[in-house]
Student: 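Have a look at the structure that comes next, please.
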Amino acid sequence: MKLTPLKISDYKRAGRKIAMLTVYDYVGARILDEVGIDVLLVGDSLGNVVQGKSTTLPVTLDEIIYHAEIVSRAVRRALVVVDLPFPFCQLGADDAIRAAARIFKETEADAVKVEGGSNRAATIAALVDAGIPVMGHCGLLPQNVHQAGGFFIQRQREELLRDVKAIEAAGAFAILIECLTAEIAKEATEVLNVPTIGIGSGSDCDGQVLVFHDIFGYLPPEKERPPKHVKQYANLKAIITEATKNYINDVHNSTFIV
Ligand code: KIV
């Protein structure tokens with residue numbers, strides 16, 4: 001049965017952990033869904049891992065919609081969440097609702113994700129009021145990379161706790177917390193009624209999320225390993241490299257026989 005934002009929120013009350021991954025294509029989404037992943041995120045990390053760009057900022061609404069349509073069409077059970085790309089939330093509630101409405105009209109997605117703390121609470125409340133389920137995203141905010149001057153562990157306890165509480169009060173059904181210290185992530189998880197889904201934030205969150213290319217080691221040749229916080233479960237780069245060498249050899253040596 002298809003998961004809903006309400007069911008994901010209820011998982012916390014039931015003490016059931018939430019497994020979430022990013023995905024960008026049909027086959028990936030079909031496999032992850034079939035195996036039982038709870039939440040699939042069409043993240044603006046597609047700028048990094050699919051397009052090979054250094055930040056998420058260039059990702060457009062059309063590009064997110066293109067991938068969200070493919071993924072949401074593939075999925076039977078998982079909740080499909082789609083990132084609102086830069087700068088729709090930064091522009092305010094009207095622009096955020098317009099962008100989210102396009103995502104809902106042109107894809108079969110279930111919810112959007114909004115980066116930001118207390119400063120995005122009014123926009124999140126307006127989205128929720130418009131009938132658009134929102135997953136918050138606090139802590140390290142990749143869309144703020146230029147202002148932050150890089151990607152760092154977040155240690156401002158009081159500010160972070162104020163942020164997650166404001167996002168919960170605004171009506172978010174879950175909050176992704178990125179690169180908080182494990183202690184702050186644990187405290188945030190304890191004070192909130194909605195689930196926290198951590199990335200680089202320790203093991204005490206209500207769920208975990210990782211980026212598809214990182215967890216499966218589908219990395220470009222220049223990248224030795226995924227970021228430090230990632231637990232890598234497979235090494236697709238090694239498998240593809242070996243298989244491609246074998247294929248090239250077969251073709252070059254006339255040993256390619258089907
Ligand atoms: O876009 C993305 O992949 C994210 C990660 C933090 C999961 O938001």
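Numbering of residues begins at 1 and proceeds along the displayed sequence. In listed order, ligands and their atoms are each counted from 1.
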Student: Using a 4.0 Å heavy-atom threshold (strictly under), name the region of Thr22 that reaches ligand 1: side chain, backbone, both or neither.
Tutor: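 Contact part for Thr22 vs ligand 1: side chain (C-beta onward).
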
Student: Suppose we measure from atom 6 (C) of ligand 1 to each protein heavy atom; which comes out shortest, and what is that distance?
Tutor: Glu178 OE1, 3.3 Å

Student: Look only at the side chain of Thr107 and the backbone of Glu69, and say whether a donor-acceptor pair between them is shorter than 3.5 Å.
Tutor: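 Checking the backbone N and O of Glu69 against the side chain of Thr107, no donor-acceptor pair under 3.5 Å is found.
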
Student: Looking only at protein heavy atoms, which one is nearest to atom 8 (O) of ligand 1, and how far off is it?
Tutor: Lys113 NZ, 2.8 Å

Student: Any idea which atoms of ligand 1 are less than 4.0 Å away from a heavy-atom of Gly43?
Tutor: 1 (O), 2 (C)

Student: When you measure from the heavy atoms of Glu115 to every atom of ligand 1, does any distance fall below 4.0 Å?
Tutor: no

Student: Heavy-atom contact check, 4.0 Å cutoff: does Met20 meet ligand 1?
Tutor: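 It does not; every heavy atom stays at 4.0 Å or beyond.
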
Student: Can you find a pair of side-chain heavy atoms, one from Leu6 and one from Phe173, that are under 4.5 Å apart?
Tutor: no

Student: What heavy-atom pair brings Cys89 and Leu84 nearest, and what distance separates the two atoms?
Tutor: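 Between these two residues, the closest heavy atoms are SG-CD1, 3.4 Å.
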
Student: Check this for me: does any side-chain nitrogen of one of Asp10 and Arg16 sit under 4.0 Å from a carboxylate oxygen of the other?
Tutor: no

Student: Does a salt bridge link Asp38 with Lys7, judged by any charged N lying under 4.0 Å from a carboxylate O?
Tutor: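 No.
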
Student: Return yes if a side-chain donor-acceptor contact under 3.5 Å exists between Tyr24 and Thr22, otherwise no.
Tutor: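 Tyr24 vs Thr22: donor-acceptor pair found between side chains.
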
Student: Among all protein heavy atoms in this structure, tell me which lies nearest to atom 4 (C) of ligand 1, with the distance rounded to 0.1 Å.
Tutor: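 Looking at atom 4 (C) of ligand 1, the protein heavy atom closest to it is Leu41 CD2, 3.7 Å.
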
Student: With heavy-atom distances below 4.0 Å as the criterion, list the atoms of ligand 1 near His137.
Tutor: 6 (C), 8 (O)

Student: Using a 4.0 Å heavy-atom threshold (strictly under), name the region of Leu210 that reaches ligand 1: side chain, backbone, both or neither.
Tutor: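 It is neither part, as no heavy atom is under 4.0 Å.
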
Student: Which residue and atom name correspond to the protein heavy atom nearest atom 3 (O) of ligand 1, and how close is it?
Tutor: Ser45 OG, 2.5 Å

Student: Where the side chain of Gln51 meets the backbone of Lys53, is there a donor-acceptor pair that is under 3.5 Å apart?
Tutor: no

